[in-house]
Structures are given as structure tokens and as C-alpha cells.
Amino acid sequence: MKETKCLLKLIFSFALLFAMFLLSNQEVLAVEQSEDDKFCYLSDITYSSGSSVGWGAITYDKNLDTSKNNGMITLMVDGKKKQFFKGISAHATSTLIYDISNYNYDYFTSYIGVDESRGNNGNGVKFSIYTSVDGENWNLKTPVSPQVMKGNTNAQFVKIDIREANYIKLYAHNNGNAGSDHAVYADAKLIKEDYEENVIAAPFIKTVAEYDEILKGYEGQEIVGEYEKVLLQRELVNNAGYDILQFTANYKNAYKETLEWLMNDLDTLRMYVLRRISRWEKLYEVYYHII
């Protein structure tokens, strides 16, 4: 009985916590901006006609090779792999055009680069970003001679002034060879002047390396209590991904509270990890069948 109750709590919590992950598989509709919105993800806006890719399709909120990095957009940032929940993948040579005339924002920001899963393969990709008032005459906002970027190249963070623009165009050139040109615009956003990125890490979520250091202090002890909890927390972070869990915790307070409860409720954490429930979608479906 206790196990059933705990499982129901687990299903309910993760159905809420990861419902947003399921939305990335749905059709993207234009979103309406309220006066209080400080930012808007570009992947929540429908791209305009004239957009194209060199291979595959324009892909929102996941990389082009879903067998790598759990399908998450991944870039090298400051020499380390960093995963992103939101973003756009568009194989070079690609052109992405957005009508932003109905969005009252001041800047476009994004990490640009080639998905880390491509490594050193290919000739690399060159990125250029343009803005326009009428959608026909374009103004280049990035260097005329852009850096050639590969999967093992550090991503570039760009901040483009869009206060006088009605359109924005993201262009990725294949540099003469289309192999491995998985161009991505990670965490691509339209933001207001006073927008501040929330970069405070949730302290109850640690990196795998941090958990490994903590576990050294338990060597030789019986795996019970705090020792067991740290082991299970490490397994959860290792499977779900540190960056994704941090993003979730900072996305909404309700998600943060739910995630903190899961990681500190030993019975529920044990049940989740040991049952090896590996897909949030399954939890979501089970939850709705129950209710």
C-alpha cells in the first residue's frame, strides 16, 4: 500500500514536472506576448516562409541526431559540454526567418554553434544574423567574415539589437561541405532591455563529479540513509542530465519544489531510480490513465 501511494505521488509529480518536455513534440503556434513578459523563446514562434535547411527539417528544442546526448541540443561552452532544453537546429546551409513585428522586445540572444555530437567532423559552419524592417532589405548584424565553427568549437554568445527591426534572419553556411553541419541556435530568445538571466543554480542539484566527491566520505559504510540517498541522487542526475534538471528547477517554482521533493524523499527516489523509469512520456501517459 505504501509503495502504491508513493508511486502515485511520483507519477503525479513527474507528469507535472516534465509536461513541458512533451510539448516540444507538438506543433508550434505563435504565442501572444503579455506586457509582463521579459523574454520569449524563438522556438515558441513559427518561422516564416522563405526558411529552409540543407538537410532534414527545421527542428525545435532538440538536436538533429536524437541518438546523441539524449536528443538534447548540446554545445561546447567554455570548454565544457552544455545541454539546452530550448533552441533550434537547422542543418547548414540554412535560413531561418522570423516575423517579430508583433513582439515588443529589444534584443535577440542565443548561443550559436555546431552541435557537440558532430565533433571535429566536416568543414564547419559560418553563421550570420540579419535584421530587416520590411523583410526584403537586410542589415548584417554579425561580422562580415564569421568564424568557422565545428562541433568541438566553443559556442558564441550573440546579442543583437532588434528595437528597429520587424524581421530577423538566421543564416548558417556549410563552408563548402554539408557533412556534419548541424547548426544550432541554443537558448535563442527575444528579450527586453531589463531582462536578467537567472543563473543561480539550485543547490539541491549537484554535478556527477560533486556527488562522486561526497560519496568518497561514505566508502566502507553500509548503504543506508544519507549514503543511499546520495547514490540515488547521483544516478538521477547522471541519467536525466545536470543542465536539464537545473533548467527545470529555474523554469517555474512549482517544478523546483517538485524536483526538490523527489530528490530528498528517499522512498520515492529509490522507487524511481530502481524501477528504471527512463522516459518522462511514460509517466505522463500512466498518470492520465489513472485519473
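- No side-chain donor-acceptor contact under 3.5 Å links Asp265 to the backbone of Trp261.
- Cluster membership check: Val77 does not share its hydrophobic cluster with Val148, using side-chain heavy-atom separations under 4.5 Å among Ile, Leu, Val, Met, Phe, Trp and Tyr.
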Please evaluate residues Thr153 and Met76 with respect to the criterion side-chain contact (heavy atoms from CB on, under 4.5 Å), reporting the C-alpha separation (whole Å), side-chain torsions for both, the decisive distance (0.1 Å), and the verdict.
CA-CA 6 Å; Thr153 306; Met76 295 299 295; over 6 Å; no

Pair Gln83, Leu75 - check side-chain contact (heavy atoms from CB on, under 4.5 Å), show working.
CA-CA 7 Å; Gln83 293 184 323; Leu75 290 174; over 6 Å; no

Item checked: Test log, rule ring pair (Phe, Tyr, Trp, His ring centres under 6.0 Å), inputs Tyr105 and Phe39 -> CA-CA 7 Å; Tyr105 292 101; Phe39 73 95; 8.2 Å; no

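- A heavy-atom distance below 4.5 Å is found between the side chains of Leu215 and Arg234.
- Closest of all the heavy-atom pairs between Gly124 and Asn175 is O-CB, 3.3 Å.
- Val184 places none of its side-chain heavy atoms less than 4.5 Å from the side chain of Ile112.
- Contact annotation: the side chain of Glu210 approaches that of Thr207 to within less than 4.5 Å [non-hydrogen atoms, C-beta and beyond].
- Side-chain contact check for Asp134 and Ser132: at least one donor-acceptor pair (N or O, by modelled atom type) lies under 3.5 Å.
- To the nearest 0.5 Å, atoms CZ (Phe85) and CE (Met72) are separated by 6.5 Å.
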- prompt: Hey, mind stepping through Asp187 and Lys86 against salt bridge (charged side-chain N to carboxylate O under 4.0 Å, His left out) and telling me if it holds?
  reply: CA-CA 5 Å; Asp187 201 38; Lys86 301 289 287 182; over 6 Å; no

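- In summary, Asp106 and Lys192 do not engage in a salt bridge, as defined by a charged side-chain N under 4.0 Å from a carboxylate O.
- With respect to the salt-bridge test (charged N to carboxylate O, under 4.0 angstrom), the residues Asp65 and Arg118 qualify.
- Remark: side-chain polar atoms of Thr93 are paired, donor with acceptor, to backbone N or O of Asn174 under 3.5 angstrom.
- Linking ILVMFWY side-chain heavy atoms closer than 4.5 Å, directly or via other members, places Val133 and Ile129 in two distinct hydrophobic clusters.
- Nearest heavy-atom pair, Tyr130 versus Ser128, reported as atom, atom and distance to 0.1 Å: CE1-CB, 3.7 Å.
- More than 12 heavy-atom neighbours from other residues, nucleotides or ligands sit within 6.0 angstrom of CD on Gln221.
- For Tyr167 and Tyr98, the gap between ring centers reaches or exceeds 6.0 Å.
- A chain of hydrophobic side-chain contacts below 4.5 Å, direct or via other Ile, Leu, Val, Met, Phe, Trp or Tyr residues, connects Tyr242 to Val273.
- Counted by atom type alone, Arg163 and Tyr107 present one or more donor-acceptor pairs between their side chains at under 3.5 Å.
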What verdict does the side-chain hydrogen bond (donor to acceptor under 3.5 Å, both in side chains) test give for Asn239 and Glu235, after you've listed the backbone C-alpha separation in whole Å, the side-chain angles of each residue and the deciding distance to 0.1 Å? CA-CA 6 Å; Asn239 288 331; Glu235 186 68 12; 3.3 Å; yes

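- With 3.5 Å as the limit, one finds no donor-acceptor pair spanning the side chains of Asn63 and Ser89.
- Geometrically, Lys159 does not engage Phe157 in a cation-pi contact defined by less than 6.0 Å to the ring centre and at most 45° from the axis.
- Between Ser51 and Thr95 the shortest side-chain heavy-atom distance does not fall below 4.5 Å.
- With salt bridges taken as basic N to acidic carboxylate O contacts below 4.0 Å, one links Lys216 and Glu213.
- The aromatic ring centroids of Tyr185 and Phe127 lie less than 6.0 Å from each other.
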TODO: Assess whether side-chain contact (heavy atoms from CB on, under 4.5 Å) is satisfied between Lys189 and Phe108, documenting all intermediate values.
DONE: CA-CA 6 Å; Lys189 292 195 292 280; Phe108 165 74; over 6 Å; no

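- Side-chain contact of Asn253 with Glu257: a donor-acceptor pair under 3.5 Å is absent, judged by distance alone.
- Minimum heavy-atom separation, Ala186 to Ser110: O-OG, 3.2 Å.
- With values rounded to the nearest 0.5 angstrom, Thr268 atom OG1 is found 7.0 Å from Leu262 atom CG.
- Residues Leu245 and Val237 are in side-chain contact: their nearest non-hydrogen atoms beyond the backbone lie under 4.5 Å apart.
- Atom-to-atom distance recorded for Ile191:CD1 and Glu196:CD is 10.5 Å, nearest 0.5 angstrom.
- No continuous path of ILVMFWY side-chain contacts below 4.5 Å connects Phe247 to Ile73, so the two sit in separate hydrophobic clusters.
- Not one N or O on the side chain of His91 forms a donor-acceptor pair closer than 3.5 Å with the backbone of Ile58.
- Among all heavy-atom pairs drawn from Trp55 and His182, the shortest one is CZ3-NE2, 4.5 Å.
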Hey, mind stepping through Lys81 and Asp243 against salt bridge (charged side-chain N to carboxylate O under 4.0 Å, His left out) and telling me if it holds? CA-CA 10 Å; Lys81 289 172 55 174; Asp243 291 325; over 6 Å; no

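- Note that CD1 of Ile168 and CG of Asn139 are 12.0 Å apart. Values are rounded to the nearest 0.5 Å.
- The existence of a salt bridge linking Asp115 and Lys68 is excluded, since no basic side-chain nitrogen approaches an acidic carboxylate oxygen closer than 4.0 Å.
- No side-chain heavy atom of Tyr171 sits under 4.5 Å from any side-chain heavy atom of Leu96.
- Minimum heavy-atom separation, Ala249 to Ala202: CB-CB, 4.0 Å.
- Note: Tyr47 OH to Leu170 CG = 13.5 Å, rounded to the nearest 0.5 Å.
- Using a 4.5 Å heavy-atom cutoff, the side chains of Ile162 and Leu190 are in contact.
- Between the side chains of Asn123 and Lys150, no donor N or O sits under 3.5 Å from an acceptor N or O.
- Judged by distance alone, with hydrogens and angles left aside, the side-chain atoms of Ser48 form a donor-acceptor pair with the main-chain N or O of Asp99 at under 3.5 Å.
- For Asn69 and Glu116, the side-chain atoms include at least one donor-acceptor pair closer than 3.5 Å.
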Next on the checklist: Test side-chain contact (heavy atoms from CB on, under 4.5 Å) on Gln147 and Lys126; report intermediate values, then the result.
Outcome noted: CA-CA 6 Å; Gln147 175 187 2; Lys126 295 180 179 181; over 6 Å; no

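- Tracing side-chain contacts under 4.5 Å through hydrophobic residues (I, L, V, M, F, W, Y), one reaches Met263 starting from Leu231; they form part of the same cluster.
- Taking NZ of Lys206 as the reference point, atom CG of Asp212 lies at 13.0 Å (rounded to 0.5 Å).
- A salt bridge does not link Lys141 to Asp161: none of the charged nitrogens lies less than 4.0 Å from a carboxylate oxygen.
- Minimum heavy-atom separation, Ala172 to Ala92: O-CB, 3.6 Å.
- A side-chain donor-acceptor contact under 3.5 Å links Tyr60 to the backbone of Ile45.
- Not a single donor-acceptor pair under 3.5 Å links the side chain of Thr248 to the backbone N or O of Gln246.
- Between Glu228 and Leu266, some side-chain heavy-atom pair lies under the 4.5 Å cut-off.
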